[in-house]
Amino acid sequence: MSGFRYFGMMFFCLLVFMGSTEAQLQLGFYSRSCPNAERIVQDYVNRHIHNAPSLAAAIIRMHFHDCFVRGGPFWRVPTGRRDGTISRSSEALNNIPPPTSNFTNLQRLFANQGLDLKDLVLLSGAHTIGVAHCSSFSNRLYNFTGVGDQDPALDSEYAANLKARKCRSLSDNTTIVEMDPGSFRTFDLSYYSLLLKRRGLFQSDSALTTNSATLSFVNQLLQGPLQNFFGEFANSMEKMGRVNVKTGTTGEIRKHCAFVNS
Ligand SMILES: *[C@@H]1O[C@H](CO)[C@@H](O)[C@H](O)[C@H]1NC(C)=O
Ligand SMILES: *[C@@H]1O[C@H](CO)[C@@H](O)[C@H](O)[C@H]1NC(C)=O
Ligand SMILES: *[C@@H]1O[C@H](CO)[C@@H](O)[C@H](O)[C@H]1NC(C)=O
């Protein structure tokens, strides 16, 4: 299984029952205690792909098809992470930048996690396969400053199209929109091209063009080969994967991944 790499963030829960006391995240953490661990995860994912919600489905589809068949970013997922002993739903979103974030907010939230502006641009690149509910951005279409206005930073033709065909009202909270229309199943650079056309869907997407450092990095990615983006994206994913990780004897191994052990 050494060549098998996957979108780890979604699957770590499955590994919690296989404990160990070694103190570092490492590749092949389960190779002795549970040699089939990664195979089990892969099989589970394959079996449940059809039940996955839309975003996960898009990611998984991309992963198993684009990565393995047509190429895409790859990264290693060191294992051995443990679970926290405190779980508050109110904290779950605290460190996740809301889609309405401006550049200042994004920079601060990423910095809090030890992630820099390059990581911000690269990880935002995952929106190349993203989908979003209208409610995450429809304020930009209908009521940006509270006077029934549109976000001037959003391309007006694109906004008109979204209003006519996707998010027909401010209260639409069910329609799902592709974040990289036309190529949302493909992990490519077109998300970054859209940013330059002022077609980033979230305020947090368009914010990337409001700072000279992130804007120039966007341009640099667009000028480089796709493989360069894949490599850099993979590095940032690995870096994010190490944020606030518990290993060794800290935390616990949950019996049910959604709940602290009682
Ligand atoms: C960014 O948003 C925060 C509120 O979330 C606001 O206080 C701040 O003024 C905004 N910064 C800019 C540059 O607009
Ligand atoms: C637009 O936002 C303002 C201020 O938040 C609010 O009072 C108004 O009701 C909103 N308009 C609509 C159509 O929701
Ligand atoms: C979505 O909108 C409907 C009708 O406006 C409302 O009844 C429902 O509670 C909303 N759902 C969410 C998750 O906000």
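In this text, all values refer to a predicted model and were calculated from it rather than measured experimentally. All ligand and atom numbering here is 1-based and tracks the order in the structure.
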If hydrogens are left out, which of Asp149, Asn143, Thr145 has an atom nearest to atom 1 (C) of ligand 2, that is, the closest non-hydrogen atom?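 Nearest heavy atom to atom 1 (C) of ligand 2 lies in Asn143.
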
Side chain, backbone, both or neither: which applies to Leu170 and ligand 2 if a contact is any heavy-atom pair less than 4.0 Å apart?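 Side chain only.
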
With heavy atoms of Thr104 as the reference, note each atom of ligand 1 found under 4.0 Å away.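 Once the distances to Thr104 are compared, the set is 11 (N), 13 (C).
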
Closer than 4.0 Å to some heavy atom of Asn102 - which atoms of ligand 1 meet that?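 By the 4.0 Å cutoff, the relevant atoms are 1 (C), 2 (O), 3 (C), 8 (C), 10 (C), 11 (N), 12 (C), 14 (O).
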
What is the closest protein heavy atom to atom 4 (C) of ligand 1, and at what distance does it sit?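 The protein heavy atom lying closest is Asn105 ND2, 4.1 Å.
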
Tell me: protein heavy atom nearest atom 5 (O) of ligand 2, and distance?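 That would be Gly146 CA, 4.5 Å.
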
Distance flag for atom 7 (O) of ligand 2, protein heavy atom under 4.0 Å: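 False for atom 7 (O) of ligand 2.
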
Side chain to side chain donor-acceptor pair (under 3.5 Å), paired with Gln203, selected from Asn139, Asn102, Thr100, Thr210: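 In the set Asn139, Asn102, Thr100, Thr210, the residue that makes a side chain to side chain donor-acceptor pair (under 3.5 Å) with Gln203 is Asn139.
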
I'd like to know if the side chain of Tyr192 and the backbone of Val121 have a donor-acceptor N/O pair within less than 3.5 Å.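 Yes, because the side chain of Tyr192 sits within donor-acceptor range (under 3.5 Å) of the backbone of Val121.
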
For the side chain of Asn219 and the backbone of Leu215, is there at least one donor-acceptor N/O pair under 3.5 Å apart?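 A pair under 3.5 Å: yes.
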
Using 30° and 60° as the class limits, which term best fits the ring planes of Phe202 and Phe137: parallel, tilted or perpendicular?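 If you compare the ring of Phe202 with that of Phe137, the planes turn out tilted.
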
Report yes or no: is the cationic atom of Lys163 (NZ for Lys, CZ for Arg) under 6.0 Å from the centre of the six-membered ring of Tyr142, at an angle within 45° of the ring normal?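 Yes, a cation-pi geometry.
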
Quiz question: by atom type and distance under 3.5 Å, do the side chains of Asn173 and Ser135 form a donor-acceptor pair?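 The criterion, which ignores hydrogens and geometry beyond distance, is not satisfied for Ser135 and Asn173.
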
